[in-house]
Amino acid sequence: MSVRVRFAPSPTGHLHIGGARTALFNWLYARHTGGQFVLRIEDTDEERNTPEAISVILEGLRWLGLDWDEGPAGNDPTGESKGDRGPYFQSQRGEIYARHVEALKEKGLAYEHEGAIRFRMQREAITIPDLVCGEVLRDLTDREQEQPDFVIVRSDGKPVFHLVNVIDDLEMGITHVIRGEDHLSNTAKHIALFRALDAEPPAFAHIPLILNSDGSKMSKRDDGASLDGWQQTHCVPEAVVNYLSLLGWSPKDDSQMMTVAELIERFDLPQINRANARFDVEKMQWMNYEHMRYLPMDRYRQLAVETGVDFGNATDDYIEAALATCQNKVKQIGDLAEYCAFYFCDAVEVDEAMAAKAFSAEHKEGFVKLREVFANLESFEPKPMESALKALAEELGVKIRALVMPARCACTGVKIGPSLYDLMAVLGRDRVLTRFDAALARMG
RNA sequence: GACCCCUUCGUCUAGUGGUUAGGACACCGGCCUUUCACGCCGGCGACACGGGUUCGAGUCCCGUAGGGGUCGCCA
C-alpha cells in the first residue's frame, strides 16, 4: 500500500516553525517512499479563519518547496482543489462528519449530553504503537476517570478537533500520521475513535517539539519562531529546509549541509529523535550563508534585487561579475546593498576615517606610480594587477599595504569589500583610473 | 492533581556493554591574506544525580531531580 501522509494546519495567521518542520517531515517521508503528501486545512475555527491566514500557510509551504499532491489549489475553501478525496478544507466537510456522528450514535458509541455529543470512550488504558516513541501505554488521568467521555460535537453543532481529525485521516486514506509530540497523549482518543468507526488506525510517528533557545515553548513572538520572518529576511528556503531537517532527525553521520534531494534520499522515520530540540538562530543563519554562497548566479541576483540593490543602468555581465565578487563574502544578504554599492555609482562615497590614512601624503608618490603602472598594464585582470602592484611595492621598498590601501579607498571608499584585484577587474580600467584621479585630487 | 514523553559539550547531534566519548554552530587562539569572509591547524567544552545488573555502563533496570507535553463544548 502506498504511503499517504498529510499536513493539517489551522489558519492562525502565521506558519509556526514547528509546523513547518512537521510539514517538512511529512513531505520528506512522502517523497522518500514515493507516496502522497496531502494538505488539509483545519479551518473549523471560523473566527481567525481568513483568506489571508490561509494564504500565509500556502505561500509558506510553496516557498519551502513543499508541494502537495492533494489539497487546496487556492485560499478559497469553496474553490478548486487537487485530488479526489476532498474537500480539503474542514469547513466544507460538515456532511461527512454528521454522517459519521450519526453512525456512532446508532451504534451507541456516542450520545447527547447537555446539548453536546459525547463519545463513549473506553475506560481502560490504551496502547499507542508509535514509530518514534515505541509502545506507549496511555492510562486515564484522574479527570478522565471522572468523565472519560469527551465531546465530539459542541452544543452549537460544530464538530471538535479529535473527531474531524480522525474522520479526515480515515476518509483521506492516511497511512502515517506524523505530527508533533504534543499530540501523543491525545492519540489514545484518536485510536478509540478509529476503532469505533470500524477502521484500523494509521501508523503514528510523534516527532519531538522545537523549543526556544532557553527551553521554553516557542510561541509566535519568539525569535525565529515564525516562518514569515525567515521569508522576509530573504533566507534561502533550501537552508531553512536543511536546518529544520536536522531538528529532531539525524542522518547519523556527520553530514550537515544537504540538498533537498539528499534529504529525500536519506530521510526516514527510524532516525527521528525522541528529545525536544531548541531552535538556534545562529546556526540557522550560518546554514543560510552556506547555502547562499553556492546559489546559482540568477538566484543570487534575484536576492540582490529583492534586498534593494540598485544596479543603475549596468549591463548584465557587469552586474553578475560584480555580484560574483560579493557572494562568498557577504554573510547577511541584507548587507549586500551597502557592500556592493560602489560598483554601481559614478563617484564613491568616501569614509573619511579611512581616507585620512589611505590618502595621507606618504602614500601619494607610490599611488601616482601605481596609477601609471595600471594605465599601461597590458591586461587589466586580477593576476597581472596583483603582480604589477607587488612588483612596484618591491621597487619602491614599501609594504604592499601602502599601495593597496589608497587603491581600495579610491575604488570603493570603504575599508571592507571584495578582493581588491577582483573588484578592480570588474570596474575596468576606465573607472579605476577615474577613481584614482579623484583620489589623487583629494591628496592635493 | 493525574497521565505521557524526554535527559551526551552553551546549542544541534554521533554513539545501541569495552571509544583518548566523534562531528557541526557559537566562542577563543594561530596560519593564510590588501580588508572582510572563506579555508586550514589548534583550544575550550558533555554522558543530570543516586542505586543496581555486569569482569566492564553514556549505552540495560529501578529511583530521584529537572525539562516538555496532555487531561477543553481550542486546534
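Proteins come first, then strands; the chains are lettered A, B, ... in the order of their sequence lines, and each starts at number 1.
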- Return the value, rounded to whole Å, for the distance between atom CD of A:Gln285 and atom P of B:A26. 10 Å
Protein N or O to nucleotides 36-38 of chain B N or O, pairs below 3.5 Å:
| unit_1 | atom_1 | unit_2 | atom_2 | d |
| --- | --- | --- | --- | --- |
| B:C36 | N3 | A:Lys329 | NZ | 2.4 |
| B:C36 | N4 | A:Lys329 | NZ | 3.1 |
| B:A37 | O2' | A:Tyr289 | OH | 2.7 |
| B:C38 | OP1 | A:Lys331 | NZ | 3.2 |
| B:C38 | O3' | A:Arg293 | NH1 | 3.4 |
| B:C38 | O2' | A:Arg293 | NH2 | 2.7 |

- Is there side-chain contact between A:Glu386 and A:Ile400, with heavy atoms separated by less than 4.5 Å? no
- Query: Taking the six-membered ring for Trp, is the centroid-to-centroid distance between A:His176 and A:Phe25 below 6.0 Å?
  - Reply: no
- What is the nucleic acid contact for A:Leu137, judged by heavy atoms within less than 4.0 Å: base, sugar-phosphate only, or nothing? sugar-phosphate
- Note on the structure: In whole angstroms, the gap separating P of B:G67 from CZ of A:Phe279 amounts to 24 Å
- Query: NA contact type, A:Arg408, heavy-atom cut-off 4.0 Å: base, sugar-phosphate, or nothing?
  - Reply: base
- Item | Nearest-nucleotide 5' precedence on RNA chain B, A:Phe161 against A:Leu246 | A:Leu246
What N/O pairs connect the protein and nucleotides 71-73 of chain B at under 3.5 Å? Give each pair on its own line.
| unit_1 | atom_1 | unit_2 | atom_2 | d |
| --- | --- | --- | --- | --- |
| B:C71 | O2' | A:Thr141 | OG1 | 3.2 |
| B:C73 | O2 | A:Ser155 | N | 2.8 |
| B:C73 | O2 | A:Ser155 | OG | 2.8 |
| B:C73 | N3 | A:Ser155 | OG | 3.1 |
| B:C73 | N4 | A:Glu114 | O | 3.0 |

- Message: Restricting to non-hydrogen atoms, name the atom on A:Thr22 and the atom on A:Arg179 that form the minimum distance, rounded to 0.1 Å.
- Response: CG2-CA, 4.0 Å
- Reckon A:Leu140 touches a base, only the sugar-phosphate, or nothing at all at heavy-atom distances under 4.0 Å? sugar-phosphate
- Expressed in angstrom and rounded to an integer, what is the separation of A:Tyr421 atom OH from B:U33 atom P? 11 Å
- Message: Counting the atoms with a prime plus P, OP1 and OP2 as sugar-phosphate, which does A:Leu247 contact under 4.0 Å by heavy atoms, base, sugar-phosphate, or nothing?
- Response: sugar-phosphate
- Message: Using a heavy-atom cut-off of 4.0 Å across all strands, would you classify A:Asn273 as base, sugar-phosphate, or nothing?
- Response: sugar-phosphate
N/O to N/O distances under 3.5 Å, protein versus nucleotides 28-32 of chain B:
none

- Message: Give me the distance, rounded to whole Å, that separates B:U11 from B:A26 when you measure between the C1' atoms they each carry.
- Response: 8 Å
- Message: By the 4.0 Å heavy-atom rule, please label A:His206 as base, sugar-phosphate, or nothing.
- Response: nothing
- Query: Looking only at side chains, do A:Asp168 and A:Tyr97 share a donor and an acceptor under 3.5 Å apart?
  - Reply: yes
- Task: Could you tell me the separation between the CE atom of A:Met284 and the P atom of B:A24, rounded to a whole number of Å?
- Result: 19 Å
- Base, sugar-phosphate, or nothing: which does A:Glu42 touch, judged by heavy atoms less than 4.0 Å apart? sugar-phosphate
- Task: Give a yes or no on this: more than 12 heavy atoms of other residues, nucleotides or ligands lie within 6.0 Å of atom NZ of A:Lys252.
- Result: yes
